[in-house]
Protein chains: 2
Amino acid sequence: MDREAARDLALDAAEELFYSRGIQAVGMDDIRGLSGVSLKRLYQLFATKELLVEAYLERRDVSWRRRLARHVEAFEDPGERILAVFDWLGLWFGEPAFRGCAWINSYGELGATSATIAAQARKHKLAFRRYLRELTAAAGLPEPLADQLLLLAEGAMVTAGIFATPAPAAQARAAAVQLLAAAGRARPAVPAE
Amino acid sequence: MDREAARDLALDAAEELFYSRGIQAVGMDDIRGLSGVSLKRLYQLFATKELLVEAYLERRDVSWRRRLARHVEAFEDPGERILAVFDWLGLWFGEPAFRGCAWINSYGELGATSATIAAQARKHKLAFRRYLRELTAAAGLPEPLADQLLLLAEGAMVTAGIFATPAPAAQARAAAVQLLAAAGRARPAVPAE
DNA sequence: TCGCGGAGAGAACCGGCGTTCCCTAGGGTA
DNA sequence: TACCCTAGGGAACGCCGGTTCTCTCCGCGA
(Lines give C-alpha, C1' and ligand atoms only; values in the text may rest on other atoms or scores of the structure.)
Protein backbone atom coordinates (compact mmCIF):
# COMPACT_ATOMS: atom_id res chain seq x y z
CA MET A 1 0.00 0.00 0.00
CA ASP A 2 1.62 3.22 -1.08
CA ARG A 3 1.57 6.55 0.65
CA GLU A 4 -1.28 8.01 -1.37
CA ALA A 5 -3.56 5.04 -0.82
CA ALA A 6 -2.86 5.07 2.92
CA ARG A 7 -3.61 8.77 3.05
CA ASP A 8 -6.93 8.24 1.33
CA LEU A 9 -7.88 5.38 3.64
CA ALA A 10 -6.95 7.45 6.68
CA LEU A 11 -8.99 10.40 5.48
CA ASP A 12 -11.94 8.17 4.63
CA ALA A 13 -11.92 6.81 8.17
CA ALA A 14 -11.41 10.26 9.65
CA GLU A 15 -14.37 11.64 7.75
CA GLU A 16 -16.62 8.77 8.70
CA LEU A 17 -15.71 8.90 12.39
CA PHE A 18 -15.19 12.60 13.02
CA TYR A 19 -18.43 13.49 11.26
CA SER A 20 -20.58 10.89 12.92
CA ARG A 21 -19.19 11.03 16.48
CA GLY A 22 -17.48 14.38 16.80
CA ILE A 23 -13.77 15.07 16.81
CA GLN A 24 -12.87 14.71 20.45
CA ALA A 25 -14.85 11.49 20.77
CA VAL A 26 -12.61 9.79 18.20
CA GLY A 27 -9.12 8.62 19.08
CA MET A 28 -6.24 8.09 16.70
CA ASP A 29 -6.59 4.41 17.49
CA ASP A 30 -10.16 4.44 16.20
CA ILE A 31 -8.88 5.92 12.95
CA ARG A 32 -6.30 3.18 12.79
CA GLY A 33 -8.88 0.51 13.46
CA LEU A 34 -11.25 1.64 10.73
CA SER A 35 -8.65 2.56 8.13
CA GLY A 36 -6.21 -0.29 8.70
CA VAL A 37 -3.38 2.23 8.54
CA SER A 38 -0.90 1.69 11.34
CA LEU A 39 -0.30 4.40 13.94
CA LYS A 40 3.26 4.81 12.74
CA ARG A 41 2.11 5.47 9.21
CA LEU A 42 -0.68 7.75 10.39
CA TYR A 43 1.85 9.92 12.19
CA GLN A 44 4.08 9.92 9.14
CA LEU A 45 1.18 11.26 7.09
CA PHE A 46 -0.22 13.66 9.71
CA ALA A 47 2.19 14.72 12.39
CA THR A 48 -0.59 15.50 14.88
CA LYS A 49 -4.28 14.81 15.26
CA GLU A 50 -4.97 18.47 14.62
CA LEU A 51 -3.36 18.22 11.18
CA LEU A 52 -5.49 15.18 10.40
CA VAL A 53 -8.60 17.10 11.41
CA GLU A 54 -7.52 19.97 9.23
CA ALA A 55 -6.99 17.69 6.24
CA TYR A 56 -10.37 16.07 6.84
CA LEU A 57 -12.17 19.41 6.84
CA GLU A 58 -10.23 20.59 3.82
CA ARG A 59 -11.07 17.52 1.76
CA ARG A 60 -14.69 17.54 2.83
CA ASP A 61 -14.98 21.20 1.91
CA VAL A 62 -13.94 20.42 -1.64
CA SER A 63 -16.22 17.42 -2.04
CA TRP A 64 -19.20 19.08 -0.36
CA ARG A 65 -19.07 22.09 -2.65
CA ARG A 66 -18.49 19.91 -5.67
CA ARG A 67 -21.54 17.79 -4.90
CA LEU A 68 -23.64 20.93 -4.48
CA ALA A 69 -22.34 22.49 -7.69
CA ARG A 70 -22.98 19.32 -9.68
CA HIS A 71 -26.62 19.33 -8.62
CA VAL A 72 -27.12 23.06 -9.10
CA GLU A 73 -25.41 23.32 -12.45
CA ALA A 74 -27.61 20.69 -14.01
CA PHE A 75 -30.08 23.55 -14.36
CA GLU A 76 -29.75 26.35 -16.90
CA ASP A 77 -32.10 28.98 -15.56
CA PRO A 78 -30.42 31.20 -12.94
CA GLY A 79 -33.56 31.29 -10.81
CA GLU A 80 -33.91 27.53 -10.86
CA ARG A 81 -30.26 27.19 -9.89
CA ILE A 82 -30.87 29.17 -6.73
CA LEU A 83 -33.78 26.96 -5.73
CA ALA A 84 -31.77 23.88 -6.65
CA VAL A 85 -29.47 24.72 -3.75
CA PHE A 86 -32.32 24.08 -1.33
CA ASP A 87 -33.43 20.98 -3.17
CA TRP A 88 -29.94 19.61 -2.81
CA LEU A 89 -29.96 20.41 0.90
CA GLY A 90 -33.10 18.31 1.15
CA LEU A 91 -31.35 15.38 -0.50
CA TRP A 92 -28.40 15.79 1.83
CA PHE A 93 -30.57 16.02 4.96
CA GLY A 94 -32.29 12.81 3.93
CA GLU A 95 -29.11 10.76 3.84
CA PRO A 96 -29.01 8.27 6.73
CA ALA A 97 -25.57 9.47 7.79
CA PHE A 98 -26.65 13.12 7.98
CA ARG A 99 -25.67 14.64 11.32
CA GLY A 100 -25.77 18.37 10.61
CA CYS A 101 -23.08 20.54 9.07
CA ALA A 102 -19.56 19.32 9.77
CA TRP A 103 -18.21 22.86 10.06
CA ILE A 104 -20.94 24.12 12.37
CA ASN A 105 -20.41 21.06 14.54
CA SER A 106 -16.64 21.42 14.53
CA TYR A 107 -16.91 25.09 15.31
CA GLY A 108 -19.20 24.34 18.23
CA GLU A 109 -16.82 21.72 19.50
CA LEU A 110 -13.43 23.34 19.00
CA GLY A 111 -13.92 26.82 17.61
CA ALA A 112 -13.17 28.39 20.97
CA THR A 113 -10.04 26.28 21.49
CA SER A 114 -8.46 25.89 18.10
CA ALA A 115 -7.89 28.91 15.91
CA THR A 116 -7.27 26.74 12.86
CA ILE A 117 -10.63 25.00 13.16
CA ALA A 118 -12.42 28.30 13.60
CA ALA A 119 -10.63 29.50 10.48
CA GLN A 120 -11.66 26.39 8.53
CA ALA A 121 -15.28 26.97 9.44
CA ARG A 122 -15.08 30.60 8.38
CA LYS A 123 -13.36 29.63 5.14
CA HIS A 124 -16.01 27.06 4.28
CA LYS A 125 -18.89 29.38 5.05
CA LEU A 126 -17.27 32.21 3.10
CA ALA A 127 -16.92 29.93 0.10
CA PHE A 128 -20.57 28.92 0.37
CA ARG A 129 -21.62 32.56 0.65
CA ARG A 130 -19.49 33.44 -2.35
CA TYR A 131 -21.20 30.70 -4.34
CA LEU A 132 -24.65 32.00 -3.39
CA ARG A 133 -23.57 35.48 -4.38
CA GLU A 134 -22.43 34.20 -7.75
CA LEU A 135 -25.77 32.49 -8.28
CA THR A 136 -27.78 35.58 -7.36
CA ALA A 137 -25.55 37.85 -9.44
CA ALA A 138 -26.09 35.54 -12.43
CA ALA A 139 -29.83 35.95 -11.89
CA GLY A 140 -29.48 39.73 -11.75
CA LEU A 141 -30.39 39.80 -8.08
CA PRO A 142 -28.74 41.93 -5.42
CA GLU A 143 -26.03 40.70 -3.07
CA PRO A 144 -28.01 41.19 0.16
CA LEU A 145 -30.44 38.58 -1.11
CA ALA A 146 -27.60 36.06 -1.25
CA ASP A 147 -26.79 36.75 2.39
CA GLN A 148 -30.42 36.14 3.32
CA LEU A 149 -30.40 32.88 1.40
CA LEU A 150 -27.27 31.95 3.33
CA LEU A 151 -29.15 32.44 6.60
CA LEU A 152 -31.98 30.21 5.39
CA ALA A 153 -29.55 27.50 4.34
CA GLU A 154 -27.57 27.62 7.58
CA GLY A 155 -30.74 27.64 9.62
CA ALA A 156 -32.01 24.64 7.68
CA MET A 157 -28.78 22.70 8.31
CA VAL A 158 -28.91 23.37 12.03
CA THR A 159 -32.59 22.62 12.38
CA ALA A 160 -32.42 19.49 10.25
CA GLY A 161 -29.53 18.28 12.39
CA ILE A 162 -31.05 18.93 15.80
CA PHE A 163 -34.57 17.80 14.91
CA ALA A 164 -33.30 14.96 12.72
CA THR A 165 -35.71 15.66 9.88
CA PRO A 166 -35.17 16.87 6.31
CA ALA A 167 -38.26 19.11 6.47
CA PRO A 168 -36.32 22.38 6.97
CA ALA A 169 -35.01 22.16 3.42
CA ALA A 170 -38.51 22.51 1.99
CA GLN A 171 -39.33 25.29 4.46
CA ALA A 172 -36.20 27.16 3.47
CA ARG A 173 -36.99 26.64 -0.20
CA ALA A 174 -40.45 28.10 0.25
CA ALA A 175 -39.01 31.12 2.05
CA ALA A 176 -36.43 31.50 -0.71
CA VAL A 177 -39.22 31.57 -3.29
CA GLN A 178 -40.83 34.45 -1.43
CA LEU A 179 -37.58 36.37 -1.14
CA LEU A 180 -36.79 35.83 -4.81
CA ALA A 181 -40.24 37.04 -5.80
CA ALA A 182 -39.87 40.14 -3.64
CA ALA A 183 -36.44 40.89 -5.05
CA GLY A 184 -37.76 40.26 -8.56
CA ARG A 185 -40.52 42.82 -8.03
CA ALA A 186 -37.99 45.39 -6.87
CA ARG A 187 -35.47 44.78 -9.63
CA PRO A 188 -36.77 42.32 -12.20
CA ALA A 189 -34.29 39.69 -13.31
CA VAL A 190 -35.74 39.65 -16.81
CA PRO A 191 -36.82 43.15 -17.78
CA ALA A 192 -40.21 43.24 -19.50
CA GLU A 193 -38.73 44.89 -22.61
CA MET B 1 -22.12 29.68 52.42
CA ASP B 2 -25.27 27.63 52.20
CA ARG B 3 -26.21 25.04 49.67
CA GLU B 4 -28.28 27.33 47.45
CA ALA B 5 -25.60 29.97 47.24
CA ALA B 6 -22.96 27.40 46.37
CA ARG B 7 -25.20 25.97 43.68
CA ASP B 8 -25.67 29.40 42.13
CA LEU B 9 -21.95 30.14 42.22
CA ALA B 10 -21.19 26.80 40.62
CA LEU B 11 -23.73 27.34 37.87
CA ASP B 12 -22.48 30.87 37.27
CA ALA B 13 -18.98 29.53 36.75
CA ALA B 14 -20.22 26.64 34.64
CA GLU B 15 -22.13 28.98 32.36
CA GLU B 16 -19.22 31.36 31.98
CA LEU B 17 -16.70 28.61 31.22
CA PHE B 18 -18.76 26.07 29.28
CA TYR B 19 -20.20 28.74 27.02
CA SER B 20 -16.94 30.52 26.29
CA ARG B 21 -14.62 27.51 25.94
CA GLY B 22 -16.82 24.55 25.18
CA ILE B 23 -17.80 21.77 27.55
CA GLN B 24 -14.99 19.28 27.10
CA ALA B 25 -12.36 22.01 27.33
CA VAL B 26 -13.44 22.84 30.89
CA GLY B 27 -12.50 20.63 33.82
CA MET B 28 -14.31 20.33 37.11
CA ASP B 29 -11.25 21.94 38.65
CA ASP B 30 -11.75 25.01 36.46
CA ILE B 31 -15.28 25.27 37.78
CA ARG B 32 -13.96 25.03 41.28
CA GLY B 33 -11.33 27.66 40.62
CA LEU B 34 -13.78 30.20 39.23
CA SER B 35 -16.66 29.51 41.60
CA GLY B 36 -14.71 29.02 44.79
CA VAL B 37 -16.88 25.98 45.53
CA SER B 38 -14.78 23.04 46.65
CA LEU B 39 -14.74 19.84 44.62
CA LYS B 40 -16.35 17.99 47.47
CA ARG B 41 -19.24 20.40 47.55
CA LEU B 42 -19.50 20.41 43.75
CA TYR B 43 -19.95 16.67 43.75
CA GLN B 44 -22.52 16.92 46.53
CA LEU B 45 -24.51 19.32 44.35
CA PHE B 46 -23.95 17.56 41.00
CA ALA B 47 -23.01 13.93 41.22
CA THR B 48 -21.30 13.97 37.79
CA LYS B 49 -20.06 16.51 35.31
CA GLU B 50 -22.85 15.51 32.96
CA LEU B 51 -25.45 16.52 35.55
CA LEU B 52 -23.73 19.86 35.96
CA VAL B 53 -23.82 20.39 32.20
CA GLU B 54 -27.48 19.50 32.17
CA ALA B 55 -28.25 21.96 34.96
CA TYR B 56 -26.26 24.65 33.14
CA LEU B 57 -28.23 24.19 29.91
CA GLU B 58 -31.50 24.03 31.79
CA ARG B 59 -30.88 27.26 33.66
CA ARG B 60 -29.60 29.05 30.58
CA ASP B 61 -32.66 27.96 28.63
CA VAL B 62 -34.91 29.65 31.14
CA SER B 63 -32.88 32.86 31.30
CA TRP B 64 -32.33 33.07 27.53
CA ARG B 65 -36.02 32.80 26.78
CA ARG B 66 -36.89 35.22 29.56
CA ARG B 67 -34.49 37.83 28.21
CA LEU B 68 -35.96 37.43 24.73
CA ALA B 69 -39.54 37.62 25.99
CA ARG B 70 -38.82 40.72 28.06
CA HIS B 71 -37.55 42.52 24.97
CA VAL B 72 -40.30 41.29 22.67
CA GLU B 73 -43.19 41.94 25.02
CA ALA B 74 -42.27 45.56 25.46
CA PHE B 75 -44.09 45.98 22.14
CA GLU B 76 -47.83 45.81 21.74
CA ASP B 77 -48.26 45.33 18.02
CA PRO B 78 -48.03 41.65 17.03
CA GLY B 79 -46.09 42.47 13.87
CA GLU B 80 -43.59 44.58 15.78
CA ARG B 81 -43.17 41.79 18.29
CA ILE B 82 -42.06 39.44 15.57
CA LEU B 83 -39.45 41.86 14.30
CA ALA B 84 -38.37 42.57 17.86
CA VAL B 85 -37.12 39.00 18.02
CA PHE B 86 -34.51 39.84 15.39
CA ASP B 87 -33.65 43.12 17.01
CA TRP B 88 -32.97 41.30 20.24
CA LEU B 89 -30.79 38.81 18.38
CA GLY B 90 -28.75 41.78 17.17
CA LEU B 91 -28.28 43.00 20.72
CA TRP B 92 -27.23 39.54 21.82
CA PHE B 93 -24.80 39.07 18.92
CA GLY B 94 -23.19 42.38 19.85
CA GLU B 95 -22.34 41.33 23.39
CA PRO B 96 -18.58 40.86 23.83
CA ALA B 97 -19.07 37.39 25.30
CA PHE B 98 -21.20 36.21 22.36
CA ARG B 99 -19.89 32.92 21.00
CA GLY B 100 -22.85 31.57 19.06
CA CYS B 101 -25.79 29.58 20.38
CA ALA B 102 -24.97 27.46 23.42
CA TRP B 103 -27.27 24.64 22.29
CA ILE B 104 -26.04 24.53 18.73
CA ASN B 105 -22.49 24.47 20.06
CA SER B 106 -23.25 21.80 22.65
CA TYR B 107 -25.07 19.73 20.07
CA GLY B 108 -22.09 19.96 17.74
CA GLU B 109 -19.77 18.96 20.53
CA LEU B 110 -21.69 16.22 22.29
CA GLY B 111 -24.94 15.61 20.45
CA ALA B 112 -23.60 12.44 18.87
CA THR B 113 -22.25 11.13 22.18
CA SER B 114 -24.72 12.19 24.83
CA ALA B 115 -28.42 11.56 24.34
CA THR B 116 -29.32 13.93 27.14
CA ILE B 117 -27.47 16.84 25.56
CA ALA B 118 -29.08 16.15 22.19
CA ALA B 119 -32.42 16.14 23.98
CA GLN B 120 -31.66 19.45 25.70
CA ALA B 121 -30.86 21.05 22.36
CA ARG B 122 -34.07 19.72 20.84
CA LYS B 123 -36.06 20.91 23.84
CA HIS B 124 -34.64 24.41 23.67
CA LYS B 125 -35.20 24.74 19.94
CA LEU B 126 -38.71 23.37 20.22
CA ALA B 127 -39.48 25.97 22.90
CA PHE B 128 -38.10 28.72 20.68
CA ARG B 129 -40.16 27.47 17.74
CA ARG B 130 -43.26 27.32 19.91
CA TYR B 131 -42.67 30.93 20.93
CA LEU B 132 -42.32 32.03 17.30
CA ARG B 133 -45.52 30.16 16.47
CA GLU B 134 -47.32 31.96 19.28
CA LEU B 135 -46.11 35.31 17.99
CA THR B 136 -47.19 34.61 14.42
CA ALA B 137 -50.53 33.20 15.55
CA ALA B 138 -51.13 36.36 17.56
CA ALA B 139 -50.46 38.33 14.37
CA GLY B 140 -52.93 36.18 12.45
CA LEU B 141 -50.14 34.66 10.37
CA PRO B 142 -49.84 31.02 9.40
CA GLU B 143 -47.67 28.51 11.24
CA PRO B 144 -45.34 27.75 8.29
CA LEU B 145 -44.20 31.35 8.46
CA ALA B 146 -43.04 30.79 12.03
CA ASP B 147 -40.94 27.85 10.90
CA GLN B 148 -39.33 30.01 8.23
CA LEU B 149 -38.58 32.69 10.80
CA LEU B 150 -36.99 29.99 12.93
CA LEU B 151 -34.65 29.14 10.07
CA LEU B 152 -33.68 32.79 9.69
CA ALA B 153 -32.99 33.11 13.40
CA GLU B 154 -30.97 29.91 13.59
CA GLY B 155 -29.02 30.85 10.50
CA ALA B 156 -28.30 34.25 11.97
CA MET B 157 -27.00 32.71 15.22
CA VAL B 158 -24.68 30.36 13.39
CA THR B 159 -23.42 32.97 10.97
CA ALA B 160 -22.93 35.60 13.65
CA GLY B 161 -20.95 33.09 15.67
CA ILE B 162 -18.67 31.84 12.93
CA PHE B 163 -18.10 35.22 11.30
CA ALA B 164 -17.99 37.02 14.66
CA THR B 165 -20.21 39.87 13.52
CA PRO B 166 -23.71 40.94 14.56
CA ALA B 167 -24.66 41.79 10.96
CA PRO B 168 -26.72 38.62 10.35
CA ALA B 169 -29.37 39.86 12.75
CA ALA B 170 -30.16 42.81 10.50
CA GLN B 171 -30.06 40.60 7.41
CA ALA B 172 -32.47 38.17 9.02
CA ARG B 173 -34.72 41.02 10.08
CA ALA B 174 -34.86 42.34 6.54
CA ALA B 175 -35.74 38.90 5.23
CA ALA B 176 -38.39 38.55 7.93
CA VAL B 177 -39.93 41.84 6.79
CA GLN B 178 -40.24 40.44 3.27
CA LEU B 179 -41.76 37.19 4.47
CA LEU B 180 -44.22 39.01 6.71
CA ALA B 181 -45.26 41.25 3.84
CA ALA B 182 -45.76 38.28 1.56
CA ALA B 183 -47.78 36.41 4.20
CA GLY B 184 -49.77 39.58 4.88
CA ARG B 185 -50.68 39.86 1.20
CA ALA B 186 -51.86 36.26 1.19
CA ARG B 187 -53.85 36.48 4.44
CA PRO B 188 -53.91 40.00 5.84
CA ALA B 189 -53.21 40.23 9.56
CA VAL B 190 -55.59 43.18 9.92
CA PRO B 191 -58.54 42.74 7.60
CA ALA B 192 -59.45 45.94 5.75
CA GLU B 193 -62.93 45.93 7.34
C1' DT C 1 22.27 -17.94 2.94
C1' DC C 2 23.02 -13.76 5.48
C1' DG C 3 22.31 -9.22 6.78
C1' DC C 4 19.55 -4.97 6.57
C1' DG C 5 16.15 -1.53 5.99
C1' DG C 6 11.56 -0.47 6.40
C1' DA C 7 6.95 -1.37 8.01
C1' DG C 8 3.50 -2.91 11.28
C1' DA C 9 1.62 -4.18 15.86
C1' DG C 10 1.11 -3.03 20.04
C1' DA C 11 3.20 -1.80 24.46
C1' DA C 12 4.86 2.14 26.86
C1' DC C 13 5.01 6.83 28.27
C1' DC C 14 2.97 10.94 29.89
C1' DG C 15 -0.14 14.42 30.75
C1' DG C 16 -4.97 15.55 31.64
C1' DC C 17 -9.23 15.03 33.96
C1' DG C 18 -13.36 12.94 36.42
C1' DT C 19 -13.89 11.24 40.80
C1' DT C 20 -12.60 9.85 45.53
C1' DC C 21 -10.03 10.05 49.69
C1' DC C 22 -7.24 11.79 53.54
C1' DC C 23 -5.71 15.10 56.60
C1' DT C 24 -6.19 19.24 58.96
C1' DA C 25 -8.39 23.16 61.04
C1' DG C 26 -11.97 25.52 63.23
C1' DG C 27 -15.92 26.03 66.02
C1' DG C 28 -19.38 24.49 69.07
C1' DT C 29 -20.10 21.91 73.53
C1' DA C 30 -19.50 19.60 78.22
C1' DT D 1 -9.57 22.35 78.29
C1' DA D 2 -10.74 18.25 75.74
C1' DC D 3 -13.63 16.25 72.23
C1' DC D 4 -16.26 15.85 68.00
C1' DC D 5 -18.17 16.97 63.76
C1' DT D 6 -18.11 19.23 59.63
C1' DA D 7 -16.04 21.34 55.68
C1' DG D 8 -12.41 22.39 52.67
C1' DG D 9 -7.97 21.84 50.27
C1' DG D 10 -5.64 19.30 47.55
C1' DA D 11 -3.29 14.92 46.85
C1' DA D 12 -4.29 10.41 45.01
C1' DC D 13 -6.38 7.09 41.89
C1' DG D 14 -7.72 5.21 37.55
C1' DC D 15 -8.67 5.71 33.01
C1' DC D 16 -8.16 7.60 28.57
C1' DG D 17 -5.93 9.18 24.57
C1' DG D 18 -2.05 11.51 21.88
C1' DT D 19 2.43 10.40 20.82
C1' DT D 20 6.63 7.61 20.86
C1' DC D 21 9.29 3.45 21.21
C1' DT D 22 10.56 -1.33 20.68
C1' DC D 23 10.37 -5.70 18.88
C1' DT D 24 9.50 -8.59 15.26
C1' DC D 25 8.83 -9.86 10.60
C1' DC D 26 9.31 -9.68 5.70
C1' DG D 27 11.44 -8.79 1.27
C1' DC D 28 15.44 -7.62 -1.14
C1' DG D 29 20.23 -7.34 -2.52
C1' DA D 30 25.11 -9.41 -2.10
Side-chain angles (χ1 to χ4, degrees), chain A residues 1-57 105-106 108-117 120, chain B residues 1-57 105-106 108-117 120:
Chain A
M1 181 165 54
D2 70 356
R3 195 180 171 86
E4 280 308 306
R7 191 185 150 89
D8 286 347
L9 285 176
L11 285 173
D12 289 346
E15 180 149 3
E16 160 91 22
L17 295 174
F18 286 152
Y19 179 64
S20 65
R21 300 191 201 159
I23 293 169
Q24 301 187 78
V26 172
M28 292 298 273
D29 211 57
D30 298 322
I31 306 279
R32 190 197 59 148
L34 184 60
S35 67
V37 176
S38 74
L39 275 184
K40 188 176 207 173
R41 186 86 109 145
L42 271 181
Y43 277 94
Q44 282 169 0
L45 294 163
F46 309 96
T48 65
K49 185 184 181 186
E50 176 143 15
L51 286 171
L52 173 60
V53 171
E54 216 172 318
Y56 142 63
L57 289 174
N105 291 348
S106 303
E109 185 170 358
L110 293 166
T113 303
S114 156
T116 82
I117 285 182
Q120 291 264 350
Chain B
M1 182 165 55
D2 70 355
R3 194 181 173 86
E4 281 308 307
R7 190 184 152 88
D8 286 346
L9 285 176
L11 285 174
D12 289 346
E15 180 150 4
E16 159 91 22
L17 294 175
F18 287 151
Y19 178 64
S20 65
R21 299 191 202 160
I23 293 169
Q24 301 188 76
V26 173
M28 292 298 273
D29 211 56
D30 297 322
I31 306 278
R32 191 199 58 151
L34 185 60
S35 67
V37 176
S38 74
L39 276 182
K40 189 175 207 170
R41 190 76 162 250
L42 271 181
Y43 277 94
Q44 283 170 1
L45 294 164
F46 309 96
T48 65
K49 185 183 180 183
E50 176 142 16
L51 286 171
L52 173 59
V53 171
E54 216 172 319
Y56 142 63
L57 289 174
N105 291 347
S106 303
E109 186 172 356
L110 292 167
T113 302
S114 155
T116 81
I117 286 183
Q120 291 265 350

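Computed from a predicted structure; not experimentally measured. Each chain gets a letter, A, B and so on, in the order its sequence line appears, and its residues count up from 1. The figures that follow rest on heavy atoms only: side chains count, while hydrogens, waters and symmetry mates do not.
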Distance-only donor-acceptor pairs under 3.5 Å for side chains of residues 43-53 of chain B, two or more places apart:
residue	atom	partner	partner atom	Å
B:T48	OG1	B:E50	N	3.4
B:T48	OG1	B:L51	N	3.2
B:K49	NZ	B:I23	O	3.2
B:K49	NZ	B:V26	O	2.8
B:E50	OE2	B:S114	OG	3.0
B:E50	OE2	B:T116	OG1	3.0

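- With DNA chain D read from its 5' end, the first of the two nearest nucleotides for A:A47 and B:R32 is the one closest to B:R32.
- The residue among B:V26 and A:Q44 whose nearest nucleotide of DNA chain C lies closer to the 5′ end is A:Q44.
- One can place CG of A:L42 at 16 Å from P of D:dG17, the figure rounded to the nearest angstrom.
- Atom pair B:Q24:CD and D:dG18:P shows a separation of 11 Å (rounding to whole Å applied).
- Atoms CG and CG, from A:D30 and A:L17 in turn, are 6.5 Å apart once rounded to the nearest 0.5 Å.
- For B:D29 and A:K40, each mapped to the nucleotide of DNA chain C holding its nearest heavy atom, the one lying further toward the 5' end belongs to A:K40.
- In this structure, CD1 on B:I31 lies 12.0 Å from CG on B:L9, to the nearest 0.5 angstrom.
- For the helix from C:dT1-D:dA30 to C:dA30-D:dT1, the rotation axes defined at the first and last 5 base pairs enclose an angle of 40°, given to the nearest 10°.
- Atom-to-atom, CG of A:L17 to P of D:dG17 comes out at 13 Å; the value is rounded to the nearest Å.
- Atoms CD and CD, from A:E109 and A:Q24 in turn, are 4.5 Å apart once rounded to the nearest 0.5 Å.
- Counting to the nearest Å, the P atom of C:dG18 and the CD1 atom of B:I23 are 12 Å from each other.
- In this model, the phosphate group of D:dA7 is not approached by any side-chain N or O of B:R41 to a distance below 4.0 Å at OP1 or OP2.
- If you measure from atom OH of A:Y43 to atom C1' of C:dC13, you get 13 Å, rounded to the nearest angstrom.
- In this structure, B:F46 atom CZ and C:dT19 atom C1' are separated by 16 Å, rounded to whole Å.
- Rounded to a whole Å, the CG atom of B:L45 is 14 Å from the C1' atom of D:dG8.
- D:dG18 atom P lies 14 Å from atom CG of A:L51, rounded to whole Å.
- Closest to the side chain of A:L39, from the set D:dG8, D:dT19, C:dT19, is D:dT19.
- A donor and an acceptor atom never sit less than 3.5 Å apart when one is taken from the side chain of A:K49 and the other from the base of D:dG18.
- Between the CD atom in A:E15 and the CG atom in A:L57 there is a gap of 9.0 Å [rounded to 0.5 Å].
- To the nearest 0.5 Å, atom CZ of residue A:R21 and atom CD of residue A:E16 are 8.0 Å apart.
- Judged by distance alone, with hydrogens and angles left aside, the side-chain atoms of A:D8 form no donor-acceptor pair with the main-chain N or O of A:A5 at under 3.5 Å.
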